[in-house]
Each structure stands twice: as structure tokens, then as C-alpha cells.
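Comments concern the structure below.
Keep in mind that this is a model prediction, so the values were computed, not measured.
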There are 2 protein chains.
Amino acid sequence: MVDTLARMQTPARRYHHGDLRAALLARAEETLRERGPAALSLRELARDLGVSHAAPSRHFKDKQALLDALALDGFERLAATAEASQKGVGDPFAERLRALVRAYVRFAADNAELLDLMYSVKHDPEASQGLLAVAFRWSDHAVALIEYGQRRGEVREGPVTEVALPVFAALHGYADLAVSGMLPPGVLDGGLDEGLDVVLAFILRGSAPGPAAP
Amino acid sequence: MVDTLARMQTPARRYHHGDLRAALLARAEETLRERGPAALSLRELARDLGVSHAAPSRHFKDKQALLDALALDGFERLAATAEASQKGVGDPFAERLRALVRAYVRFAADNAELLDLMYSVKHDPEASQGLLAVAFRWSDHAVALIEYGQRRGEVREGPVTEVALPVFAALHGYADLAVSGMLPPGVLDGGLDEGLDVVLAFILRGSAPGPAAP
DNA sequence: CTCCCATTGTTGACAGCGTCATCATTGTTG
DNA sequence: CAACAATGATGACGCTGTCAACAATGGGAG
């Protein structure tokens, strides 16, 4: 163990890297965050890690495979964030929804480029099975929250997917608009959370029980 | 088909193409639609149009410039579609909103890859001024519609940007989710318009006058 | 009408990229 | 210890975007 640790910290170039796969992913995400997806190059990653230009191919069969792994990691972290957001929150639906929404928007703000990547990978018709599974873990969680609200009588009745759809849409749309700077200037001067309250109130109004709009 | 078209555009290979710029944009959009953004290559475009590999540089200083032009064209068509959607529609806010929303979702469905490009270009901090202007033409139109609804007493009072924000978010979010296949399976079996009705009802409920949700 | 020159297209070069085939080193396991 | 699977290195290939230098075109100025 100590031996392993010492070798990990030693910058001296050993033939075997130790954990090249993880290092590639970490560095790739860093680059993604700092210089955008277009700046991602396998050769540059290899160079940065002091490894030959073809070494990455031992861990990712091609560039897309690395992007997929990056996206999968993102979905896992998103799901974890969503689940963590529900710990230590009160019972009312509004509170729980607020926590979830904040978690999502924060994740989107903190990982804008990664989120982009996650969506574009999912858009790919030949996305891997495991990736889809993890991708839906987060949405399943959201749907479960809607059902919870319905059971408590704080969310209008109806097929849960139908009720969840617009809630989802508003949440995702807000995060996307905010992160990509598509909002009319002046709306977000107070930061993400300001607009979030507005959107949250809107969602609650739209999903609350009561008569349909005229 | 493409062959016929190409021959129609170049009856005989003149030294000067005639309208290479437009031809590049048209072919680029076609490729974007059929094979995605990653398949876009200046050299391939030039090849397809029977022109030398460096000819495009006379019209677009680099690849990004071509993408910008493509995005700008997209925004113009989106704005035109949005404006056209309001012709010959009744007075009630709900009707006008419905027309606008349908137009947007249809555009998104018909131009999914292009829309992606449009948003990613805007995300670029050094997006051109003219591009931003056209990009906001469509959102201005949407904001104007909200104001119209407020004047008619069919939309709740409040700062127009605050009221418009969640409406926008829900609309954009729905289009994005639907187009990128991120919706839980089964929701959209009836096509885009089915989910659209659900979202529309939600938006109307959320933006209607009345007491705030509990 | 002619000549000039800005516009547009061509050719050739360069470095960087992803990918592949082949070879070298390592760590593990029977 | 020896064989073997895993991992890394090297070199090659064709593709890409970009640039510089050169060539054809065509629309005005004289």
C-alpha cells in the first residue's frame, strides 16, 4: 500500500502508468470544463499524462468511447446529487421539489459542458445500454417525487408521466437556458437562484391540484 | 438526386462557381441534418461541390465562421416561423400561445441538429453581435406575446421577464427533451403534439391569473 | 474598349488529429 | 520460472483545418 502510494506520487516515468484510465477521464473532464469539447484530443491527453499517443486506445477503443465514459460518470454524479438532495429535507412536496430542483440547476451550472456532452451522447441512437440505464436513474427519481406529491394530495391527479413531463421540461429548460446564456439580459442578474424561485413557483402553480385553467 | 442537383448547379464547371457561399451553407445544413455535426468537414463540402479544398476559405475565414453563418440562418428562419405562426390566429392568449409553441416545437423537431448548433454557438462568449441580435428576435416576440396576454388579463401580473421566464423554460425544455429522446419511454408514443398539449395546459395553468400556489 | 485590380478559385505545404498494425515491457498466474 | 494477458511504445496512414503563393475571372476607371 505504502509502496503503491509512493509510486503513484513519483513523477518518474514508469512503463506502466498505474491507473491511466482514471487519469485520462480526470484530465479529459478538466479540459472539457476549461476549454470546451472541441479542445478534447486523445493525443493531447496522452501528452499531458506523459504517455504515448496510442496508449489511450488500451482503455477506450476510440474517442467516442472516452466521451461515453465521461457522460456515464456525469450521469452517475447527477443521480447521486439528486439523491443526496433529498436527505434531511422536510415532508412537504414543495420543499422536496425545491431541493431537487436546486440540486439539478447547481449541477448544470457547475458542469455545463459535461451536461451538454451527456445529452448529446444520449441523443446518439447507438448509446450503450448501461449509459441509458444510469441516465434514467435520475429521471426515475424525479418521477418518484411527483408520485409522492400526488399521494400527499399536493400534486394534481393524472398519469404520473403526464404530470411529470411539464415539470421536467420547465426544470431542464431553465437549467439549459441559464447555463447557455440564452436568457434575455437582466433576468439573471441576481444569479441562478433568483430565476430558480420564479420557475419553482411556476412549477408548483402548474402542478397543484385544482381546476384547469380557463 | 444529389448528383442531379449538383449538375443543375454546375452545368459546366466554370472557374467561378456563381454562388459558392450559398451552396456551401445549403450542403452543410444537409450534411448536418443527415450525419450530424461531427461529420461536417470543409474539405468534404468543397469536394461535394466540385471545388478545391481551400475555396471555402474565400467565404468563411474558418470553420467556425461557417457554423456561425449556419446558426444565424437558423435563427432567422426560427424568427420567421414564430412570426408566421401568429397570422390568422384568434385573439385569445391561449390560442396565440398554442400557435407559437407548436411552431417552436415543430421547428425543433425538423431541425434538431441545427438547433443544437444554434445554442452552442450562442454559448460561445465571442459570438458575433449580429448573431445575438437575430437570436433575440424570437425571444422578443415571445415576450411580446406574454405582455399581450397580460393586457388582456389572461396572464398574471408581474414583471414580464419574470412571467416569461418559466414559460420559455417549459417550452424550450420540452422541445429539447423531446427532440433528444430524453423522455421516459411511452410519453411520446402519440407524437410530439400529444406531449405538447400537456405542456401547454401546464403553462397556461402556471401563468394564469389567480392566487399563488400554497 | 482596354487595362487594372479586387474577387474568387487552385495548388501545394504544414502540423495535428484518430486509428491501426506491430513490437516491447510488465505483472500475474499456473 | 515460464507462459501469458495486459499495458505501453513506435511508426504509418489518410484525414482534417489553415496558410501562402499563384492563376483565372470579370467589373469598373480611364
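- OP1 or OP2 of C/dG18 lies within a sub-4.0 Å distance of a side-chain N or O belonging to A/Ser41.
- For the pair A/Lys61 NZ and C/dC20 P, the computed distance is 8 Å after rounding to whole Å.
- Distance B/His59 NE2 to C/dT8 C1': 6 Å, rounded to the nearest Å.
- When rounded to the nearest whole Å, the span between CG of B/Asp62 and P of D/dC19 equals 7 Å.
- No donor-acceptor pair under 3.5 Å is formed between the side chain of A/Asp193 and the backbone N or O of A/Leu196.
- With hydrogens and angles left out, the side chain of A/Arg43 and the base of C/dG16 share no donor-acceptor pair within 3.5 Å.
- With sequence neighbours excluded, the residues forming a side chain to side chain contact (heavy atoms under 4.5 Å, CB included) with A/Asp73 are A/Glu29, A/Glu76, A/Arg77, listed by chain and number.
- Judged by distance alone, with hydrogens and angles left aside, the side-chain atoms of B/Gln86 form no donor-acceptor pair with the main-chain N or O of B/Ala99 at under 3.5 Å.
- What separates NZ of A/Lys63 from P of C/dC17 is a distance of 9 Å, to the nearest Å.
- Residue contacts for A/Ala55: at a heavy-atom cut-off of 4.0 Å it reaches the sugar-phosphate backbone alone, with no base atom in range.
- As a whole-Å value, the separation of A/Arg47 CZ from C/dA15 P is 14 Å.
- Both B/Glu44 and A/His53 lie close to DNA chain D; mapped to their nearest nucleotides by heavy-atom distance, the more 5′-ward contact belongs to A/His53.
- Atom CG of B/Leu45 is separated from atom C1' of D/dC15 by 14 Å (rounded to the nearest Å).
- Figure legend. C/dT29 is base-paired to D/dA2; pairs are counted as Watson-Crick or G-U wobble with both atom distances under 3.5 Å.
- The CZ-P distance, from A/Arg58 to C/dT22, rounds to 13 Å in whole Å.
- Taking atom CG on A/Leu49 and atom C1' on D/dA9, their separation rounds to 15 Å, with Å as the unit.
- With A/Arg27 contributing its side chain and A/Ala46 its backbone, the two residues share no donor-acceptor pair below 3.5 Å.
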